[in-house]
Number of protein chains: 2
Amino acid sequence: MAATIKDIAKLAGVSTATVSRVLANKSAFFSAATATKVQDAATSLGYQKNTAAAELVTHHSHVIAAVVNSTKTNFANQIIEGIQEEAHRHDLNVIILYAGDADPEQQRRALMTVIERPVMGILLLSVDLAAENLTLLQNAQIPYCFLSISFDGEQLPYITSDDWQVGYQATQALLNQGHRKIGLAGVDRDFHTGRQRVLGYTQALRDAGITPQAEWIQLGNYSYAAGQTAMRAYGGQTELTAIVGASDMAAIGVMNQARDLGLLVPADLSIVAIDGTELCSLVQPQLTSVSQNFYEMGIAGVQQLRSTESLPQKITPIKLVSRQSVRMVTPK
Amino acid sequence: MAATIKDIAKLAGVSTATVSRVLANKSAFFSAATATKVQDAATSLGYQKNTAAAELVTHHSHVIAAVVNSTKTNFANQIIEGIQEEAHRHDLNVIILYAGDADPEQQRRALMTVIERPVMGILLLSVDLAAENLTLLQNAQIPYCFLSISFDGEQLPYITSDDWQVGYQATQALLNQGHRKIGLAGVDRDFHTGRQRVLGYTQALRDAGITPQAEWIQLGNYSYAAGQTAMRAYGGQTELTAIVGASDMAAIGVMNQARDLGLLVPADLSIVAIDGTELCSLVQPQLTSVSQNFYEMGIAGVQQLRSTESLPQKITPIKLVSRQSVRMVTPK
DNA sequence: GCACTTTACACAAACGTTTACAATGGCTTA
DNA sequence: TAAGCCATTGTAAACGTTTGTGTAAAGTGC
């Protein structure tokens with residue numbers, strides 16, 4: 001059995017109360033002499049605090065939970081770095097839970113393991129909760145905030161990019177280089193995020209006097225495979241001169257499939273990716289992207305959990321990063 | 001305040017003992033009638049179990065912790081999927097902790113948050129613990145196992161690939177295609193894993209009657225940058241016709257840098273990557289790799305934690321996956 | 001030397017569970 | 001009808017902490 005404060009108390013010849021106080025460093029409650037006595041006893045016993053027991057009585061915890069979906073895209077790491085950074089700044093610890101890929105049962109498991117024990121807050125990284133799990137979360141009386149995902153009707157707290165702007169600026173980047181026939185690949189329309197991107201994309205085209213064509217939009221789930229499928233649907237003879245990939249992964253899928261169809265990027269086809277993770281600079285040619293500030297989302301998420309007043313929604317900035325996958329076309 | 005079993009007991013008109021029993025479904029200890037009474041009371045109160053309190057008395061937990069280092073390489077996800085899978089099969093929950101990048105302080109934080117509360121086991125994914133943190137871990141009296149990392153002297157439990165074989169087979173794959181002057185890029189020699197790979201690589205060359213040259217080995221930390229640096233060191237005029245990348249990331253770094261130096265892969269330079277994550281098929285040309293079975297490592301890790309007898313070390317299989325980055329050279 | 005404050009510590013309750021043990025009552029059996 | 005048994009439930013201790021309250025000793029000011 002591991003040593004407890006009781007053992008320390010006995011060894012040091014003081015009460016458990018005193019032990020607790022010096023260990024918690026509640027100074028002004030003990031003398032230097034007893035302090036060292038207790039410290040020595042503690043180290044000699046190899047004492048490890050039982051935080052669960054402590055949290056049971058104090059009713060508050062120093063851990064924040066990040067629930068991520070094991071998605072096909074890959075920005076979660078950056079968000080987590082931000083969370084980690086800001087959490088440590090405030091002496092909070094972070095645990096991460098995988099919630100599967102839109103599998104309600106896995107989501108429930110993840111939520112349960114964190115709800116059932118004391119955590120001070122829950123951050124949900126682009127996880128789209130099944131209705132019953134949302135109720136679970138809301139009933140748990142624990143502060144929470146969604147990251148990198150947004151919602152339509154319900155007033156849920158979230159922090160993400162302005163997805164309309166994301167769609168708009170990605171498209172505009174292409175328009176600025178003279179492109180007129182521009183696709184959007186791998187986006188989904190089932191959720192707010194996707195819908196907003198489509199809307200931004202459409203508006204950008206309209207603002208340029210272009211009528212968007214239905215077949216220019218290929219739906220998908222943001223994955224590499226979705227990008228490939230989309231590009232296959234466009235075909236090697238496509239009228240499009242440029243494509244917006246709904247995510248980095250989707251953009252790479254588009255690019256690789258385009259190559260298989262005999263199209264060179266950017267000579268025959270320009271691509272702008274959405275997300276801007278390190279993947280963009282790994283592939284060849286490097287992908288121009290509308291980059292989201294995931295790190296910032298993580299930071300803001302932790303701040304949101306810590307703040308008592310809940311300003312429910314927050315937008316993090318985006319920016320266009322030019323790399324090598326877009327070429328200028330001279331209007332004929 | 002959240003509802004407790006005491007509240008349920010009062011509402012249902014029974015004792016907390018009974019409530020505990022029906023909630024834990026210790027059948028044969030209560031009648032159907034009281035069961036429903038209790039269930040109803042519980043749901044009507046929106047009861048959430050306080051697992052921390054329960055674990056305090058039972059002294060055992062259902063969560064296993066995976067500590068990962070936020071490394072520049074990216075196989076952790078696959079290991080985690082394996083862990084998750086096997087854990088759920090046995091009704092275990094998984095929490096993930098980031099341990100930073102060889103930062104002892106961050107490691108300590110991560111270890112502390114899991115040691116201080118009841119977890120049934122700790123899996124360390126390719127994290128190379130600072131000496132003081134290792135002591136911490138060992139004193140904690142919690143089962144643990146290292147994954148995807150190996151050690152020399154000390155008898156620590158680990159599960160990983162045979163790194164000597166990894167180095168050997170990667171090199172041999174190149175030798176088999178007629179290459180004679182083969183580099184090894186981005187590997188480190190500070191740890192057992194790296195040393196073994198170097199040894200395997202060297203032996204493969206020797207077995208083919210080739211004397212390895214010191215400058216063929218470029219040390220590094222397995223990162224993309226390490227790959228780039230290595231390739232820059234080799235230079236555009238290198239005598240090498242093939243290179244083993246110490247990781248997927250390193251291999252990609254080598255490849256992209258080679259391109260910048262005017263070398264085409266595989267026409268001018270063949271590459272074999274070590275790891276075989278999905279990155280290998282994302283880049284162009286797709287990278288031939290010696291692939292590790294990370295998923296299997298995760299599974300085995302959980303099994304190791306569950307088993308009482310500790311068979312300390314285990315090796316998971318590797319296999320060569322041919323893609324597009326190696327060409328045959330005809331011996332002159 | 002007195003009344004008073006401060007310092008340093010101990011006592012004990014509390015947190016939300018589980019579970020060994022005891023208690024109750026009805027039923028069976030002879 | 002008494003004895004014994006079983007099914008069901010209750011009582012209370014225990015887990016390892018924190019912290020409010022109590023108190024003895026030491027220090028202060030006059």
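Reminder, nothing fancy here: chain letters follow the sequence lines and each chain counts from 1.
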Validation: residues 141-153 of chain A side-chain donor-acceptor distances under 3.5 Å, sequence neighbours left out:
unit_1: A/Y144; atom_1: OH; unit_2: A/Q138; atom_2: NE2; d: 3.4
unit_1: A/S150; atom_1: OG; unit_2: A/H192; atom_2: ND1; d: 2.9
unit_1: A/D152; atom_1: OD1; unit_2: A/H192; atom_2: NE2; d: 3.3
unit_1: A/D152; atom_1: OD2; unit_2: A/R195; atom_2: NH2; d: 3.1

For [X] and [N], give me the distance from atom [atom1] to atom [atom2], rounded to whole Å.
X: A/H60; N: D/dT18; atom1: NE2; atom2: P; value: 11 Å
X: A/L23; N: C/dC9; atom1: CG; atom2: P; value: 14 Å
X: A/I5; N: C/dA12; atom1: CD1; atom2: C1'; value: 13 Å
X: B/K6; N: C/dA13; atom1: NZ; atom2: C1'; value: 11 Å
X: B/I8; N: C/dT18; atom1: CD1; atom2: C1'; value: 14 Å
X: B/L56; N: D/dA14; atom1: CG; atom2: C1'; value: 9 Å
X: A/K10; N: D/dT17; atom1: NZ; atom2: C1'; value: 16 Å
X: A/L45; N: D/dG16; atom1: CG; atom2: P; value: 14 Å

Note, B/V302 side chain near B/I64 side chain (heavy atom, < 4.5 Å):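 In contact.
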Pairwise side-chain contact, B/I95 with A/V114, heavy-atom cut-off 4.5 Å (strictly under):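 Of all side-chain heavy-atom pairs linking A/V114 with B/I95, none is under 4.5 Å.
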Nucleotide nearest A/K26 when distance is taken to its side chain, options D/dG16, D/dT19, C/dT17: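 In terms of side-chain proximity for A/K26, the closest of D/dG16, D/dT19, C/dT17 is D/dT19.
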Among C/dG16, D/dT18, D/dC15, the one nearest B/A53 by side-chain distance: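 Output: C/dG16.
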Which pairs count as salt bridge (Lys or Arg N to Asp or Glu O under 4.0 Å) when at least one residue sits in [range], sequence neighbours excluded?
range: residues 40-61 of chain A; answer: A/E55-B/R117
range: residues 81-95 of chain A; answer: A/E85-A/R89, A/E86-A/R89, A/D91-B/R109
range: residues 3-28 of chain B; answer: none
range: residues 293-304 of chain B; answer: none

Touch class at under 4.0 angstrom, heavy-atom based, for A/S20 against every strand present: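 Here A/S20 touches the bases of the nucleic acid.
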Touch class at under 4.0 angstrom, heavy-atom based, for B/E116 against every strand present: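 No contact at all - B/E116 keeps every heavy atom at 4.0 Å or more from the nucleic acid.
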No-hydrogen, no-angle side-chain donor-acceptor test under 3.5 Å, A/D275 and A/T277: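 A/D275 vs A/T277: no donor-acceptor pair found between side chains.
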Sequence-distant partners of A/N77, side chain to side chain donor-acceptor pair (under 3.5 Å), two or more places apart: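 Expected list: B/Y98.
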Which residues share a side chain to side chain donor-acceptor pair (under 3.5 Å) with B/N93, sequence neighbours left out: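 Counting only residues at least two positions away or on another chain, B/N93 forms no side chain to side chain donor-acceptor pair (under 3.5 Å).
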Ring pair (Phe, Tyr, Trp, His ring centres under 6.0 Å) partners for A/H62, two or more places apart: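 Partners of A/H62 by the ring pair (Phe, Tyr, Trp, His ring centres under 6.0 Å) criterion, ordered by chain and then number, come out as A/H60.
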Inter- and intrachain pairs under side-chain hydrogen bond (donor to acceptor under 3.5 Å, both in side chains), touching residues 127-137 of chain A, at least two apart: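 Output for this query lists A/Q107-A/N133.
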Five-pair end axes of the helix from C/dG1-D/dC30 to C/dA30-D/dT1 and the angle they enclose, rounded to 10°: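 Answer rounded to 10°: the end axes differ by 40°.
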Contacting residues from residues 135-143 of chain B, given that a heavy atom lies under 4.0 angstrom of DNA chain D: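 Heavy-atom cutoff 4.0 Å gives no residues at all.
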Where protein sits on nucleotides 6-12 of chain D, one letter per nucleotide: B base, S sugar-phosphate only, - none, heavy atoms under 4.0 Å: ---BBB-
